Amino acid sequence: MNRFVYLLEEAQGLDRDTLGGKGFGLVEMRRAGLPVPPALVVTTEACRAYLREGHLPEGLWEEVKTKVRALEALSGKAFGGGAGGRPPLLVSVRSGAPVSMPGMMDTILNLGLNLEGVEALARATGNPRFAWDTFRRLIQMYGEVVLGVEGQAFEALLEEVKARRGVSDAGLAPEELEEVAFRSLRLLEERGLVFPMDPWAQLRGAVEAVFRSWNNPRARVYRRIYGIPEDLGTAVVIQAMVFGNLGEDSGTGVGFTRNPATGEKGLYGEYLQNAQGEDVVAGLRTPEPLERLRGFAPRLYQELEATAALLERHFREMQDFEFTVERGRLYLLQTRSGKRTAQAAVRIAVEMAEEGLITKEEAVLRVDPNALPALLRPAVNPDAAPRPLIRGLPASPGAAVGRAVFSNEMAERYASQGVPVILVRPETTPEDITGMYLSQGILTARGGLTSHAAVVARGLGVPAVVGAEGLRVEKDRAWIGEKEIQEGELLTIDGSTGAVYLGEVPLLEGAGMEILDRLLAWAEPYRTLGVRANADTPEEAQRARAFGAEGIGLCRTEHMFFKEERLPWVRKLLFGTPEEEDEALERLFQYQKEDFKGILRAMDGLPVTVRLLDAPLHEFLPPVASPAGEDQEAMAEEGRGRDLKEVNPMLGFRGIRLLLLRPKVFQMQLRALLEAAQALKGEGLDPRPEVMLPLVSDPKEVERAKDMAQALFAEFFPIPFGTMIETPRAALLAEKIAPLVDFFSFGTNDLTQMTFGLSRDDAGKFLPRYLEERLLSSDPTETLDLEGVGRLVRLAAEEGRRANPGLKLGLCGEHGGEARSVLFGSAFLDYTSASLYRLLTARLAAAQAGLRRVRA
Ligand code: PEP
Ligand code: MG
């Protein structure tokens, strides 16, 4: 009659989607012969039904009751008190979604206790202090999670009693803990709330609260950030409690089978003696490294090492496990595949393959290509760095510079203005997720390497330093020793070393590539899609080549003008008088020719696609008070300026439109490119320039541009001539455009803008809400919208190729460096072109696509 509820021993063969990650891990650990306290799992299906119907689905509660009876038999204890002389069975009620969402949903521990139960527990353990402490914790957790009372109200009671006695937690006597328990009950009463003394009512309330917590605000934010589907639901694990707070020979800890920050092989983690599980994850007390157990509990350490090895063999993956030691006996409470930094992900995959735990192909498929940009993250330059102000634990690698903020609200305020921030907190809790997401770096005063701050920062790929001693954080300021840190003050943190600096410290760009090269060496033979770079300067071209770019797919020539000394000339060119225009053309010609030489030199022997000017005019208007003394108002009122004033510049006089109506600009750019190439040929090099038209929407535009190019091709030499496909009309007319060109390059930024009819400049104002409301499943400016924009791309590719079988096809929008979009394109494109930091993503994603095809 199992429908919604399974004992661990009954659940073998059910999948993670049904059991949730936690339930699944427990079932597997039990199967592997590891010590797991008896438990039952309420499936995700029950949660979905609950959320749909607003009440527990029919029959569920009866099933829970039956299975709890089975837990009693398995544990030799009695739920709901000490009847018949059996000690009371206490249970934990935990959430567990199919996808790990650490700390985002609710958990209640010590459930099943009431006034008679406390006495029975005191007798059974011979420890009344422990019994009352357990009861007090239950009332508080139940009050918070099920009844919605703020935690501080309970903490305040505890603090008051501690202050009266002048002792710490550990110094409180049983009677005092009893007093805290009763006052906690009264606190609830005063608010018109009731703590149920019937353990079954407690259990029912807790199960429903866990179901409901699927939809609490922080869980929703987390799902949005990680693109987790809204309709998975959470399972609930009800498990016999074991206690890590029964004395010195008890404790609780978290272990990783390999180091989650670096990937280094070996047991790694933290342990807190005489404590209950949540204390570690919440970062409330700073635990000790597991390593220390070697000295004072060598047998336990060995047992943990053996456990780690067994877990890796069983799961064939790095595991993050939670355990409790009750009076010297080890119990495993959870295992999941461990969150890790990009560095660690690569190292673990490579080394596991080298150890024979997984195959090389599995290693290649295991690394998320979208995580690789983090590998190139900067580090503090040791030669240029001053002495750090303080040090904490290096929790998530990479260095970051930003303005100190102390809350989500402050982070939002700065981030909305594009100002980088460092979130500084005493410790983080799941409530801080918004601020953490918006920050360039995270700094906390308390917590260890497995604290909430550390785990979440690694998941987000945000550098973090945690547990920085000497840091004191208040609501709107912090102190480092005597030095006060105010909101907005510049800080630098290095999450690879734990160092914290005042002010901005010089950074070095990404090292740590050696291990990735090993992975890419296994991956690249499967790659059939070419990978080029979006690069606009000789320096970028050089770096792109070092990251494995096989040419440049997009050189945005207007970006070459984004330099202080060049901008006034562009403005003169666009908005000035005819004389000013001619002078500007000459200047800009010289700049461009030099740049083209540098770029072609850096990419010697490889194709370089130069896109002619595509400057949305508003980006080039001077600021109202320009340092060069130009005046926007004046420019916009006089001559050409007036004619060029646009309400909607993104859809205005840009790209091919400007090039055809201002042929001098076209001629200048193409001449600069051809002269640069000719000069390099003269040096015996092998430059391979290509020229590309922006924003085309009609074949006649291409014909006209081709006519204009002919004279220059005749004077120098012809080069491949192509067009971007970035307006929906161009995609729809691909068949007519294709015979006129050598290549198409899909500009999916504009194509997305125009297909959706959403402005690239303004979409940020409402897209996040759209994602939140689930009106879109992913951000189309980030991941290519396969259904709509992708369909246009495919159509243009197919019809273009049919009309011109020799047509080369590329993609150069930002999507060219995003894994899912690359996977899509790899089936029919010749190459993708990615911005510098996304080149590795493009290479690995394309290789994975090839490997998957081979396997299929
Ligand atoms: C595009 O539109 O996708 C593109 C690559 O061009 P840009 O981003 O310069 O408009
Ligand atoms: Mg474009």
Side-chain angles (χ1 to χ4, degrees), residues 531-537 540 544 549 551-562 570 599 607-620 646 648-659 669 690-698 701-702 705 722-731 734 737 743-764 779-786 788-790 792-794 796-797 808-818 821-822 824-825 829 831-839 842:
V531 174
R532 299 195 199 173
N534 292 357
D536 316 316
T537 64
E540 265 181 8
I552 289 179
L554 174 64
C555 171
R556 291 177 165 104
T557 51
E558 66 281 0
H559 283 195
M560 301 164 87
F561 299 141
F562 282 144
V570 187
I599 292 169
V608 173
T609 306
V610 169
R611 183 184 71 186
L612 300 181
L613 194 70
D614 181 13
L617 293 181
H618 64 310
E619 288 180 15
F620 287 88
E646 293 176 325
N648 211 335
M650 269 298 184
L651 302 177
F653 187 44
R654 53 176 277 223
I656 188 76
R657 301 162 191 169
L658 187 133
L659 293 163
Q669 288 200 290
E690 304 179 342
V691 61
M692 177 158 77
L693 307 173
L695 219 75
V696 160
S697 59
D698 193 279
E701 291 170 326
V702 180
T723 180
M724 297 195 65
I725 300 291
E726 55 181 343
T727 67
R729 194 168 191 278
I737 298 174
F743 64 89
F744 281 174
S745 182
F746 291 99
T748 48
N749 301 334
D750 274 306
L751 196 57
T752 299
Q753 166 169 268
M754 292 183 222
T755 303
F756 272 88
L758 57 80
S759 152
R760 287 165 71 172
D761 290 341
D762 295 323
D779 181 342
T781 65
E782 222 168 271
T783 308
L784 191 67
D785 157 49
L786 301 186
V789 183
L792 275 176
V793 170
R794 235 199 138 132
K808 276 220 160 34
L809 296 172
L811 188 154
C812 64
E814 263 314 295
H815 308 92
E818 192 279 328
S821 317
V822 171
F824 163 76
L829 297 176
Y831 66 88
T832 186
S833 190
S835 52
L836 202 55
Y837 285 104
R838 294 176 149 212
L839 276 168

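If you're wondering where the values come from, they're calculated on a predicted model, not measured in any experiment. Every number for a ligand or one of its atoms is a count from 1 in the order of the listing.
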Checklist outcome for this item: The closest protein heavy-atom partner of atom 3 (O) of ligand 1 is N749 N, 2.7 Å
Item to check | Q753 to ligand 1, any heavy atom closer than 4.0 Å | outcome: no
Checklist entry - Hey, is the Mg ion (ligand 2) within less than 2.8 Å of some N/O/S atom on D750? => result yes
Item to check | Proximal atoms of ligand 1 relative to C812 (non-hydrogen, under 4.0 Å) | outcome: 5 (C)
Checklist outcome for this item: Nearest heavy-atom approach of L613 to T557 is N-OG1, 3.3 Å
Checklist entry - Quick one: which ligand 1 atoms are inside 4.0 Å of a heavy atom on E726? => result 1 (C), 2 (O), 4 (C), 6 (O)
Checklist entry - Taking atom types as modelled, is there a side-chain donor on N534 or S835 under 3.5 Å from an acceptor on the other? => result no
Checklist entry - Hey, does E558 have a side-chain heavy atom less than 4.5 Å from the side chain of R611? => result yes
Next on the checklist: What I'd like to find out is whether the side chain of F743 reaches to under 4.5 Å of the side chain of M692, using heavy atoms alone.
Outcome noted: yes
Checklist outcome for this item: Checking heavy atoms under 4.0 Å, the part of D750 that sits near ligand 1 is both
Checklist outcome for this item: ligand 1 to L554, heavy atom cutoff 4.0 Å, flagged ligand atoms 5 (C)
Checklist entry - For ligand 1, which atoms have a heavy atom of G813 less than 4.0 angstrom away? => result 3 (O), 5 (C)
Checklist outcome for this item: heavy-atom search around atom 9 (O) of ligand 1 in the protein gives R556 NE, 2.7 Å
Checklist entry - For H815, is the nearest heavy atom under 4.0 Å from an atom of ligand 1? => result no
Next on the checklist: Side chain, backbone, both or neither: which applies to M724 and ligand 1 if a contact is any heavy-atom pair less than 4.0 Å apart?
Outcome noted: side chain
Checklist entry - Is there a donor-acceptor contact under 3.5 Å linking the side chains of T609 and R532? => result yes
Next on the checklist: What protein heavy atom lies closest to atom 6 (O) of ligand 1? Include the residue and the distance to one decimal.
Outcome noted: R611 NH1, 2.9 Å
Checklist entry - Can you find a pair of side-chain heavy atoms, one from E701 and one from T723, that are under 4.5 Å apart? => result no
Checklist entry - Mind checking whether T748 has an N or O less than 3.5 Å away from an N or O of ligand 1? => result yes
